Amino acid sequence: MHDVSPVKRMLQYVSTADIDYRDLAPASHELTAIYARMMNTGLPANALALAMLGATVNFYDCFDMSGELPELLRALADKLEFDGAAC
């Protein structure tokens with residue numbers, strides 16, 4: 001069984017954080033527009049999913065939180081970084 005204390009700590013922080021998520025709406029709309037443009041170029045769904053994963057990894061990296069990525073995402077991110085593909 002794995003230690004869930006880091007997850008519990010993160011959930012506790014998120015539940016007590018004073019964040020107005022509406023402030024993030026412009027960024028969400030821009031990301032949606034970017035992904036829509038990518039889809040309109042004919043990229044397959046798995047390529048779009050990899051782009052979304054890459055964006056998630058970049059967000060974590062921007063805040064020096066790469067070590068906080070869940071184990072599965074970290075493994076996929078490493079595969080993308082070192083092998084250039086997730087499959």
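Note: hydrogens, waters and symmetry copies are ignored here, and every other heavy atom, side chains too, is used. Source: prediction; values computed, not measured.
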Using the test side-chain hydrogen bond (donor to acceptor under 3.5 Å, both in side chains), find all partners of Asn58 that sit at least two apart in sequence or belong to another chain.
->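 Asn58 satisfies side-chain hydrogen bond (donor to acceptor under 3.5 Å, both in side chains) with no other residue.
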Treating Ile, Leu, Val, Met, Phe, Trp and Tyr as nodes and any side-chain heavy-atom pair under 4.5 angstrom as an edge, say whether [X] and [Y] lie in one connected cluster.
X: Leu31; Y: Leu48; answer: yes
X: Leu43; Y: Tyr35; answer: yes
X: Met39; Y: Leu53; answer: no

Would you name the heavy atoms of Arg22 and Asp20 that are closest together and state the gap between them?
->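 Minimum heavy-atom separation between Arg22 and Asp20: NE-OD1, 2.9 Å.
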Between Asp61 (side chain) and Val57 (backbone), is there a donor-acceptor pair under 3.5 Å?
->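 The answer is no, because no donor-acceptor pair under 3.5 Å joins these two groups.
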Quick one: list whatever passes salt bridge (Lys or Arg N to Asp or Glu O under 4.0 Å) with Asp64, sequence neighbours left out.
->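 If we apply the salt bridge (Lys or Arg N to Asp or Glu O under 4.0 Å) test to Asp64, skipping adjacent residues, there are no hits.
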Roughly how far, to the nearest 0.5 Å, is the CD1 atom of Ile34 from the CE atom of Met52?
->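 Between Met52 CE and Ile34 CD1, I get 11.0 Å after rounding to 0.5 Å.
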